[in-house]
Visitor: 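Once you've had a glance at the structure underneath, I'll fire off some questions.
Naming: A, B, ... by sequence-line order, numbering from 1 per chain. This structure is a prediction, so every number in the text was calculated from the model and none was measured.
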Amino acid sequence: MSDSLHELPKAYEPRHVEPKWYDYWMQKGYFTPKIDKSKKPFVVIQPPPNITGDLHLGHALTATIEDIMVRWHRMLGEPTLWLPGEDHAGIAAQVVVERALAKEGLTRQQLGREKFTERMWQWVNNCRDNIGNQHKRLGVSCDWTRERFTLDPGPSHAVRTFFVRLYEKGLIYRGERIINWCPRCATALSDLEVEHKENLSHLWYFKYPLADDSGFITVATTRPETMLGDTAVAVNPADERYKALIGSHVKLPLTERLIPIVADDAVAMEFGTGAVKVTPAHDPNDFEIGLRHKLPVINILNNDCTINEQGSGFTGMDRFAARNAVVEAIEQAGLLEKIEPHAHAVGHCQRCRTVIEPIASQQWFVKIGPLAKPAIEAVKSGAITIIPERFEKVYLNWMENIRDWCISRQLWWGHRIPVWYCGCGELIAAVEEPETCPKCSATELRQDPDVLDTWFSSGLWPHSTLGWPDKTEDMEYFYPTSVMETAYDILFFWVARMIMAGIENTGQPPFRYVYLHGLIRDEKGDKMSKTAGNVIDPLAVMDKYGTDALRFAIISGTTPGSDSKLSATRLEAGRNFANKLWNAARFVLRYGGSGTGTVAETAHLPIEDRWIVSRLNSTIGEAGVLMKQFEFGEALRRIHDFLWGEYCDWYIELAKTRLTDGSSPSPLPVLAQVLETSLRLLHPYMPFVTEELWQNLKRAFAIGGVDSIMVADYPEASGSGPDEAAVRVIDSLTAIVRAIRNTRAEYEVAADKTIHAVIHTTGGLVPLLKPYAGAIENLTRARVTIEGERNSEVPEKALALVLENSEVVIPMASMFDLAAELERINKETAEASAEIERLEKLLGDDAFCGKAPATVVEKQQEKLNTARDRLARLAEHRKRLAE
RNA sequence: GGGCGGUUAGCUCAGUGGUUAGAGCGCCUGCUUCACACGCAGGAAGUCAGAGGUUCAAAUCCUCUACCGCCCACCA
């Protein structure tokens, strides 16, 4: 017996195993690929987590799926790069730090830009360490020597280069457009950063007096306060009701202004009154109408969305207070026609939930059409495959209707826009800060104060991390990357932008596959959020169940692109599986140490050895196919089922007979080899327990080769198909064992009683099954004889169990003493009948039922039911005996 | 308004044309069997949301309906 059994505790203890192996892998440098130009690399760029706090389960899922792919390809011998990093997360991070400041009673404005940025960097440095450590706990095998941060010099240089190139091509412009303004963040937002929520509000009908006092035209609005910035009323040119009014003017109530009535096709005749108030400064539609009719743009809001001096009488009021005040003023003027309830979508800031306001503003935009076109083509042509496929439609639909992208943010945290202004009016876009104005040679240049949308820099991530725009060795070798794996909720924010930027900058799509996973929700199916307080901390989960269990729980039973829930039971299942493997290995190691790791020619092996090798081979094949299709949940299930349901439940159990009776050949080489191979198969999913056990097997069985399972070969299915002959024999064997066990249970045969069974089977199987007589006895406590097909009647007082290839005949007398059993049945039947009679009488007694507490009556009723069930079972049992 | 997804055992979910639909957990019965009670053996449990259609064959493909969820969308 080997010492290793004593070394290994009875239960798997992850905390004693995990840190050791992660350190070992790091120290060996296994995470850093060796560039080998004769081989095609496998490359995954990690979606950089926002430096906004701790990792959550979504990050754990991302990390786990990517680690599975990366470990798998590394074991296949491909030079494998998984590049980690973090995102400065512009507005999201700034909001987090601003909240921290608010607790100190400070605002960023009070600190000033420089001091605030210092605070941001302090935050970043803490947060990066934290994120790195949490990732390491998860077992991620990413190349930390290549870790990047979006604000690092390299990626920042890439951002400025991209900006300047687009500017020079005319694909970045500055102009006044309607943007989404968040008054709390005091910045513009892109359309994607606005979340629309259905809101029950009202539609207010205002009467605007015609300039010649001949009457009114009524308009309907959901935002009454914007009327202060109205510069026209629009009607549809085909609308008979208003045809005569086109070209005339109305007196805008509450102001001194005369505004025209214009005709525009954009007006829907059936909505409201068919007449629309036009506020070019505060509505995208109206802005367009304003352009077509050369209307003035009157912005009525300050940056904090209080009313500015344009709204005389309301100046300084908050927009919502102003809404009520305007309605009141209109009513007092006798111009309020009616108010109707009305549901409509209101935009909110994605980061701080404040209601956004559409405002015409001077901002920087990307002219996106020319970038979208090749990005659409890349997916349509199949150069990029999106998994699951249904997201291709979602992607194409968005890309084909894409609108220009507002990229300037009035924040202090991010990549500063690389544009400088000179007093002479010159505008200079440059990668490096210019010293003088090229036009007037002035040295006083002022950089644009704004920063870029954080997604502008993350869009470059697959190539900016590899050194672009320089022609680095990494860029040459690792680009384009293999798989972009991320959650489906950032398909537009990130994936689409990476495809556009990647093609624009490098001429190649940045990755071959996009694999989108779902969101992890809580046990009730709700999205986890800090405000809801239902966030599960991956670290706490790993402490309790182990990393492998967490990885198992979030991968198994899930399917690409679908949301899943994390439950304690699944975590327990993962922990139990790790423990099962641990104990299977303990069993094998108990007999190890004899240097018998090599398996003889398969053809000469006993049938159950051939069977388990064949089943392993099939499992390897199935898992391989599934993994190529990104079906990791299903692949893991197959591996799990093989290890637990076939290797442990049957092969180890069969091997026990051979090991105890010392028969030859020993099953040990096969036991060890199948386990060793299975551990390699499972390693990408559960890296820690597999490494620990693999190392033990390696030592005990003198397995040569590499120093870690993570750089061992990934199992690949052998060319030969399944060993059908062996499978047929073992299938028969297991069916026989199950039938006998089932019979014992059904007839309630005492556990320690040895029964008799005659197995009749086709002639060919007899010699093949005969060697298993001892094993069957061990597995069923039945002494068996194995014969050819039955050619006489089934003996009296015997059971005949008919199976696919065989029949098992069990004499009743071997299961129990028939006479004694009948006597027992009769006695118990009498007892049960007596009890039923007694209880029926009791429950039939109105006095009892009426006066006794309900719980007592229920209890007696339950007792009656139990007794009746017992009687029925006894009757059935007796009937069987009589047959 | 447009689009997508879901509806399978008590619960959470796998399973996309082929013999009696699976897993984990839960439930019932029996086991301290010398790897494992984080376990072993046995068992009960599903008209695969509903209706119609295609097919030799449908949980799986098509059509419609219902309910739940998500995404996109400038009708004030």
Visitor: Rounding to an integer number of Å, can you tell me how far A/Asn742 CG sits from B/G43 C1'?
Guide: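 That distance rounds to 8 Å.
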Visitor: Could a donor-acceptor pair under 3.5 angstrom be found where the side chain of A/Glu653 meets the base of B/A35?
Guide: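 In this structure, the two groups form a donor-acceptor pair.
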Visitor: Using atom types as modelled and distance alone, determine if a side-chain donor or acceptor of A/Asp283 lies under 3.5 Å from a backbone N or O of A/Asp286.
Guide: yes
Visitor: Both A/Asn583 and A/His196 contact RNA chain B. Taking the nearest nucleotide for each, which residue is further toward the 5' end?
Guide: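 Looking at the nearest nucleotide for each, A/Asn583 comes out on the 5' side.
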Visitor: Below 4.5 Å, heavy atoms only, C-beta onward: do A/Tyr208 and A/Phe216 meet side chain to side chain?
Guide: no
Visitor: Any protein N or O atoms within reach of nucleotides 8-12 of chain B? Criterion: under 3.5 Å, listing atom names and distances.
Guide:
unit_1	atom_1	unit_2	atom_2	d
B/U12	O3'	A/Lys565	NZ	3.4

Visitor: Output yes when a side-chain donor or acceptor of A/Glu392 lies under 3.5 Å from a complementary backbone atom of A/Ile386, and no otherwise.
Guide: yes
Visitor: Checking A/Arg781 side chain against A/Arg741 main chain: does a donor-acceptor pair fall under 3.5 Å?
Guide: no
Visitor: Would a line drawn from the ring center of A/Phe552 to the ring center of A/Phe577 be shorter than 6.0 Å?
Guide: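 Yes, the ring centres sit under 6.0 Å apart.
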Visitor: Starting from the 5' end of RNA chain B, give me the residue, A/Tyr488 or A/Ala266, whose nearest nucleotide shows up first.
Guide: A/Tyr488
Visitor: Any strand is fair game: report the nucleotide pairing with B/A58 by Watson-Crick or G-U wobble, both distances under 3.5 Å, or none.
Guide: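 Partner of B/A58: none found under 3.5 Å.
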Visitor: Using the C1' atom as the point on both nucleotides, what is the distance between B/U20 and B/C28, in whole Å?
Guide: 23 Å
